[in-house]
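Structure first, commentary second.
Heavy atoms only: backbone and side chains are in, while hydrogens, waters and symmetry mates are out.
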Amino acid sequence: ASNKSSEIPSAVNITLGPCPDNPPDLVGQLLIEFDFRRTWEYVRKEVSPSLQKGGRFKPKDCVAKQKVAIIIPFRNRHEHLKHWLYYLHPILKRQLVDYGVYVINQDGEGVFNRAKLMNVGYVEALKEYDYDCFLFSDVDLVPLNDRNLYRCFDNPRHLAIGMDKFKFNLPYKTFFGGVASFSKHQYLKINGFPNTYWGWGGEDDDIYKRIIFRRMQVSRPDLLTGRYRMIRHQRDEHNDPNPKNPDKLFQTRWTMNADGINSLKYTVKNIEKDILYTFITVDIGSPE
Ligand code: UDH
């Protein structure tokens, strides 16, 4: 009994190794269905274990190579958010990333502005944690394959290349909508996203142009890995196609230097920490 204490090491020093590039628990093709009977209680029970408040997760047996902020532009799509969280949390856990989910909720009933909300997400996420990768996702898009990795690559990455609504193909070659990731460096190189695309349309093409004008390329998964299911819905209120947006695209080369992360202005109204997500309500103003 006298030497019992010497059998117990005074400090257990376990150094975790880096997470593998090919996470071993991925399964490939997934069955995705948007069942209206799925409740919030059920989703919480299924996916909150191992999450930390605010929709945060870290692999427990290895050190993730990237810290990924997942940013969702949002207003009035709670039903979609429920399905998104139900499917994406388990996928992201299997992908072994150190991540947090930020839902950026546009306050009020003004005209929607997707790209500006995504800029807000970038700034707000960085206030919380030293993220080095930013992944922007629409709330109604769920990948059909967990090998479509939600992380950053050598070039800005477009992940949602094969949506079911476009018959699992790109609608056009330079399409950049839906889900995309940027390292901090790549994002800053293009001055973030435009703040001036109010209403539906154009902002994703502007972002594509920024990437090309800054001499980067777009990285993509293959067409099978890049399949997505979109939750069917009606057109939202206060997000009609804006006829001014297509013309703005002729100016991107010049406007991108002054319209972006360097000109972003907004006011945070509220921050709510749920176990499944961080919900940030912001006043982003209205078109000038
Ligand atoms: N979004 C909201 N609330 C809104 C508008 C947009 O949360 O009121 C977000 C949401 O993340 C959505 C994304 O912005 O997924 C893009 O919205 P969108 O309307 O530009 O794109 P989506 O593909 O719809 O969802 C296109 C119009 C569909 C009309 C279909 C008629 N059958």
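Distance alone, capped at 3.5 Å, is enough to place a donor-acceptor pair between the Gln186 side chain and the Asp154 backbone. Using a distance-only test at 3.5 Å, with no hydrogens or angles considered, no donor-acceptor pair links the side chain of Thr225 to the main chain of Pro221. Looking only at distances, no side-chain donor or acceptor of Asp283 sits under 3.5 Å from a matching main-chain atom of Asp107.
Under the 4.5 Å side-chain heavy-atom criterion for Ile, Leu, Val, Met, Phe, Trp and Tyr, Phe279 and Tyr102 are members of distinct hydrophobic clusters.
Phe213 is linked by a ring-ring contact (aromatic ring centres under 6.0 Å, His included) to nothing, counting only residues two or more places apart in sequence or in another chain. With sequence neighbours excluded, no residue forms a ring-ring contact (aromatic ring centres under 6.0 Å, His included) with Phe250. Judged as a ring-ring contact (aromatic ring centres under 6.0 Å, His included), and not counting sequence neighbours, the contacts of His89 are Tyr99. With sequence neighbours left out, Ala180 forms a side-chain contact (heavy atoms from CB on, under 4.5 Å) with Phe176, Phe182.
Rounding to the nearest 0.5 Å gives a distance of 9.5 Å between NZ of Lys244 and NZ of Lys248. Of the inter-residue distances, the one linking Thr281 atom OG1 with Lys269 atom NZ reads 10.0 Å to the nearest 0.5 angstrom.
In this structure, Leu96 shares a hydrophobic cluster with no other residue, the cluster being traced through Ile, Leu, Val, Met, Phe, Trp and Tyr side chains under 4.5 angstrom apart. The hydrophobic cluster around Phe153 extends to Leu26, Leu149, counting ILVMFWY residues whose side-chain heavy atoms fall within less than 4.5 Å of a member.
Using the six-membered ring where Trp is involved, Phe166 and Phe175 have ring planes that are perpendicular, over 60° apart on the 30 and 60° scheme.
With respect to Thr252, the side chain to side chain donor-acceptor pair (under 3.5 Å) criterion is satisfied by exactly one of Asp259, Asp205, Asp206: Asp206. Test Asp132, Asp98, Asp21 against Lys65 for salt bridge (charged side-chain N to carboxylate O under 4.0 Å, His left out) and you get one pass: Asp21.
Centroid-to-centroid, the aromatic rings of Tyr122 and Phe136 stay 6.0 Å apart or farther.
For Leu92 against Val97, the heavy-atom pair with the smallest separation is O-CG2, 3.6 Å. When all heavy atoms of Trp84 and Ser137 are compared, the pair lying nearest together is NE1-OG, 3.4 Å. Closest of all the heavy-atom pairs between Ser219 and Asn155 is CB-O, 3.8 Å.
Counted within 6.0 Å of NE2 on His233, heavy atoms from surrounding residues, nucleotides or ligands total more than 12; the atom is thus considered enclosed.
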